[in-house]
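Both counts, for ligands and for their atoms, begin at 1 and track the order of listing.
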Amino acid sequence: MTANRRLPTADCRLSTILVTGGCGFIGTNLVRYLFSKGYKIRVLDNLSTGKKENLLTADYQLPTADLIVGDIRDRDVVEKAVEDIDAAIHLAAHTSVVESLDNPEEDWNINVTGTLNLLEACCLKGVKKFIFASSNAVLGEQPPPVDEMKIPKPLSPYGASKLACEALCSAYYHSFGLNTISLRFANCYGPYSEHKASVIARFMDWARQGKPLIIYGDGKQTRDFIHVDDVCQAIHLCLTAADSIAGKIFQIASGVETNIDELAKMIKEIIERNVPTIYEPKRKGEIERNYSDITKARRVLGFKPKVTLKQGLHDLWERYTVQD
Ligand SMILES: NC(=O)c1ccc[n+]([C@@H]2O[C@H](COP(=O)([O-])OP(=O)(O)OC[C@H]3O[C@@H](n4cnc5c(N)ncnc54)[C@H](O)[C@@H]3O)[C@@H](O)[C@H]2O)c1
């Protein structure tokens, strides 16, 4: 697959976008966001955790022809998916830290081989921009706030696989001129996240069922929660940014540190139900304290998180109460 790589053309107008993992949590929100901005979208997803129905709702319907059901580990499928697109936003991944400890090889194959396939196909087809969904998990335990200058020390196979993907993105930019950007997302939350094992998705689910909120650890561990609309904003800023950001990495987060006890308290206040909290032992591979310094994303991309945690949780709960 190395012979016919094409360098991107001078035309920078990006109109047709491939979203891998477009049926998942962030993807479902992103597809709608980009559609509202006038982009034409194609989705590649193997539906392992994502749902086709997420893109076939009353408020939005992706044309069936624009959904390719296939696996990013399959080179033929990937080459077909990048045909005639201007930019790729690569979200498809094995996303569970805990499961990556049980099966590091599968995590590596999906995340790293899948990303390599996409980078290679994008080079072959002259795709102009490649935006990669990385994670704060690449950094591991660091004195917060974390920024792009910290030396990554992943704690989990998932974090290691994302770091390897960042390295591939850097290599494909420097070796082949593919305009790659890696975005290290903090903990995202928002609509269409019901299938996720992330803390806000779980707390909301348990709260809906009137079950206790389970905290792994002492509740003093911290995270940086970013609403998915702000993640979409960051991705869109990258799509429209000048080529000078090629090869760069950005922390994409709220920049606010919240501990899990505070989060549980906030949720209980919003839902107006007094569900109990249960503490269980801390899980392996999970970071103790984490929040990001987003100065670089603010300065270079003009990124400005808009949704406060309180507002985002309130909107999510309201959405659930309408559904229930
Ligand atoms: N949600 C977060 O808090 C968060 C934080 C940091 C980074 N990220 C990254 O953002 C991206 C999107 O995460 P998400 O939360 O939407 O996860 P998700 O599991 O909801 O979505 C992932 C999507 O990828 C698809 N997929 C998985 N394996 C595939 C494969 N082999 N081939 C094709 N499609 C495949 C799934 O079906 C799903 O639709 C991931 O790369 C994840 O690592 C997410």
Query - Lys51 atom NZ, neighbour heavy-atom count above 12 within 6.0 Å - result: no
Query - Within 6.0 Å of NZ in Lys150, more than 12 heavy atoms from elsewhere - result: yes
Just distance, no hydrogens or angles: give the donor-acceptor pairs under 3.5 Å from side chains in residues 22-30, sequence neighbours left out.
from	atom 1	to	atom 2	distance (Å)
Thr28	OG1	Cys23	O	3.4
Thr28	OG1	Gly24	O	2.6
Thr28	OG1	Asn54	ND2	3.3
Asn29	ND2	Phe25	O	2.8
Asn29	ND2	Pro191	O	3.0

Query raised in the report: Quick one: do the Lys196 and Thr95 side chains pair a donor with an acceptor below 3.5 Å?
Result: yes
Report task. If you link ILVMFWY side chains whenever their heavy atoms are less than 4.5 Å apart, which other residues fall into the same cluster as Tyr192? By chain and number, please. Result -> none
In a table with atom names and distances, give each donor-acceptor pair under 3.5 Å that connects a side chain of residues 297-312 to protein atoms at least two apart or in another chain.
from	atom 1	to	atom 2	distance (Å)
Thr308	OG1	Gln311	N	3.1
Gln311	NE2	Asp315	OD1	2.8

Extract all N/O-N/O pairs under 3.5 Å that connect ligand 1 to the protein, and present each with both atom names and the distance rounded to 0.1 Å.
from	atom 1	to	atom 2	distance (Å)
ligand 1	3 (O)	Cys188	N	2.9
ligand 1	15 (O)	Lys196	NZ	2.8
ligand 1	16 (O)	Phe25	N	3.3
ligand 1	16 (O)	Ile26	N	2.8
ligand 1	17 (O)	Lys196	NZ	2.9
ligand 1	19 (O)	Thr49	OG1	2.9
ligand 1	20 (O)	Phe25	N	2.8
ligand 1	20 (O)	His195	NE2	2.6
ligand 1	26 (N)	Asn46	OD1	3.3
ligand 1	31 (N)	Asn46	ND2	3.4
ligand 1	31 (N)	Asp71	OD1	3.0
ligand 1	31 (N)	Asp71	OD2	3.3
ligand 1	32 (N)	Ile72	N	3.0
ligand 1	34 (N)	Asn46	N	3.1
ligand 1	34 (N)	Asn46	OD1	3.3
ligand 1	37 (O)	Asp45	OD1	2.6
ligand 1	37 (O)	Asn46	OD1	3.4
ligand 1	37 (O)	Ser48	N	3.1
ligand 1	37 (O)	Ser48	OG	3.4
ligand 1	37 (O)	Thr49	N	3.1
ligand 1	37 (O)	Gly50	N	3.0
ligand 1	39 (O)	Gly24	N	3.0
ligand 1	39 (O)	Asp45	OD1	3.3
ligand 1	39 (O)	Asp45	OD2	2.5
ligand 1	39 (O)	Gly50	N	3.3
ligand 1	41 (O)	Leu91	O	2.7
ligand 1	41 (O)	Lys162	NZ	2.7
ligand 1	43 (O)	Tyr158	OH	2.6
ligand 1	43 (O)	Lys162	NZ	3.0

